[in-house]
Amino acid sequence: WIGSHDLDPRKPIASDAKPIEIDVVSLDWKWLFLYRAEGVATVNKLVVPAGTPIHFRLTSASVMNSFFVPQLGSQIYTMAGMTTQLHLQADRPGTYPGLSAQFSGEGFSDMRFDVVALPADAFAAWVAEARKAKDALDAPGYAALAKPGTVSATTFKSVAPHLFETVAMGRH
């Protein structure tokens, strides 16, 4: 019983480092990652600083899905109209495969992403480079992204305000 509570996905990871805050939206059939403080977004690629706790808020823009990075820890479901939380940490730099562990339609088997854990200085350089990306994730861009289908990894230089909350409340 005590061990189960120690592994609660909503329980923050003990650390002296401030967690990075990332919002996750499962779409048909891709993953959208919104970096709250950094103001950038990615699809099907999650870049994080190694050795830093990650606090995820998660939701779904359509059907129930399952966010899972086996090498980093727990899987957790995403559901439309609801948000949940998960805390993970990549202790060392590296690339860790992530996937959907929930059948959600014809494209679900391609619903994979890489978690790329970088040293802190390389992560800061990645954020600076991401802010120079070609496209912003505005309302029309999100509407196009939300259509069913698979896409390759993409980076957006900025994100429409309150996009996660809009999706979570079903107002997209």
Side-chain angles (χ1 to χ4, degrees), residues 12-13 15-62 65 67-69 71-73 76 78 83-100 110-172:
I13 295 172
S15 175
D16 291 335
K18 181 182 175 192
I20 182 170
E21 304 282 339
I22 299 175
D23 295 330
V24 180
V25 179
S26 62
L27 299 156
D28 293 330
W29 293 279
K30 53 206 148 268
W31 292 100
L32 173 61
F33 302 103
L34 308 168
Y35 295 74
R36 279 189 251 165
E38 294 76 12
V40 299
T42 59
V43 176
N44 292 339
K45 184 177 182 181
L46 177 60
V47 180
V48 298
T52 301
I54 309 158
H55 174 226
F56 295 102
R57 287 190 311 177
L58 303 99
T59 194
S60 175
S62 64
N65 231 301
F67 178 86
F68 190 28
V69 185
Q71 290 176 289
L72 299 186
I76 198 155
T78 62
T83 61
T84 191
Q85 297 181 52
L86 177 65
H87 294 268
L88 298 176
Q89 179 173 308
D91 292 329
R92 290 175 290 289
T95 300
Y96 307 91
L99 62 124
S100 168
D110 294 321
M111 202 169 165
R112 298 178 179 275
F113 59 95
D114 283 332
V115 178
V116 179
L118 301 172
D121 57 341
F123 176 75
W126 174 83
V127 170
E129 209 43 47
R131 289 178 176 150
K132 297 176 188 174
K134 178 182 168 206
D135 296 319
L137 187 57
D138 54 13
Y142 175 78
L145 184 63
K147 292 179 182 173
T150 58
V151 298
S152 57
T154 307
T155 301
F156 296 95
K157 65 182 175 182
S158 62
V159 179
H162 310 293
L163 179 60
F164 180 81
E165 292 79 6
T166 301
V167 173
M169 294 188 318
R171 296 183 184 158
H172 48 64

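All figures in this text were calculated on a predicted structure; none of them were measured in a lab.
Counting only residues at least two apart or in different chains, salt bridge (charged side-chain N to carboxylate O under 4.0 Å, His left out) contacts with residues 153-165 comprise Arg57-Glu165. Applying the salt bridge (charged side-chain N to carboxylate O under 4.0 Å, His left out) test to residues at least two apart or on different chains, none of the pairs has a partner in residues 40-55.
The two residues Ile20 and Pro49 come nearest to each other via the heavy atoms CD1-CD, 4.0 Å. When all heavy atoms of Ala41 and Val159 are compared, the closest pair comes out as CB-CG2, 3.5 Å. Summarising the geometry of Val69 relative to Pro97, their closest heavy-atom pair is CG1-O, 3.7 Å, with the distance given to 0.1 Å. Heavy atoms only, all atoms of each residue included: Phe164 and Val25 are closest at CD1-CG2, 3.9 Å. The two residues Met111 and Asn65 come nearest to each other via the heavy atoms CE-ND2, 3.3 Å.
Val127 meets the side chain to side chain contact (heavy atoms under 4.5 Å, CB included) test with Glu38, Phe123, Arg131; sequence neighbours excluded. Checked against side chain to side chain donor-acceptor pair (under 3.5 Å), Thr42 has no partners two or more places apart in sequence or in another chain. Qualifying side chain to side chain contact (heavy atoms under 4.5 Å, CB included) partners for Ala122, counting only residues two or more places apart in sequence or in other chains: Leu118, Pro119. Judged as a ring-ring contact (aromatic ring centres under 6.0 Å, His included), and not counting sequence neighbours, Phe68 has no contacts. Every residue two or more places apart in sequence or in another chain that forms a side chain to side chain contact (heavy atoms under 4.5 Å, CB included) with Ala90 is listed here: Leu72, Tyr96, Ala117. With sequence neighbours excluded, the residues satisfying ring-ring contact (aromatic ring centres under 6.0 Å, His included) with Phe33 are Phe113. Taking Phe56 as the reference, Phe67 meet the ring-ring contact (aromatic ring centres under 6.0 Å, His included) condition, with sequence neighbours excluded. Under the salt bridge (Lys or Arg N to Asp or Glu O under 4.0 Å) criterion, Arg36 pairs with Glu21, Asp23, sequence neighbours left out. The side chain to side chain contact (heavy atoms under 4.5 Å, CB included) check on Ala130 picks up Val40, Trp126, Thr155, with sequence neighbours excluded.
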Taking it one step at a time, do Trp31 and Leu99 satisfy side chain to side chain contact (heavy atoms under 4.5 Å, CB included)? CA-CA 9 Å; Trp31 292 100; Leu99 62 124; over 6 Å; no
Which is it for Thr59 and Thr78 under the side chain to side chain contact (heavy atoms under 4.5 Å, CB included) test, yes or no, and what are the steps along the way? CA-CA 5 Å; Thr59 194; Thr78 62; 5.7 Å; no
Check against side chain to side chain contact (heavy atoms under 4.5 Å, CB included), Thr166 and Tyr142: CA-CA 11 Å; Thr166 301; Tyr142 175 78; over 6 Å; no
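When atom types are taken as modelled, the side chain of Ser26 and the backbone of Val24 share no donor-acceptor pair closer than 3.5 angstrom.
For the residue pair Thr95/Asp114, the side-chain donor-acceptor check at 3.5 Å is not satisfied.
In this structure, CG on Leu27 lies 11.5 Å from OG on Ser100, to the nearest 0.5 angstrom. One finds the CG atom of Leu58 at 9.0 Å from the CD atom of Gln85 (value rounded to the nearest 0.5 Å). Between the CD1 atom in Ile76 and the OG1 atom in Thr84 there is a gap of 3.5 Å [rounded to 0.5 Å]. Atom CG in Leu32 sits 11.5 Å away from atom OG in Ser60 (nearest 0.5 Å).
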Could you pull out every donor-acceptor pair under 3.5 Å between side chains of residues 132-141 and any protein atom, sequence neighbours left out?
unit_1: Asp138; atom_1: OD1; unit_2: Gly141; atom_2: N; d: 2.8

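Contact check for Val43 versus Phe156: side-chain heavy atoms found under the 4.5 Å cut-off.
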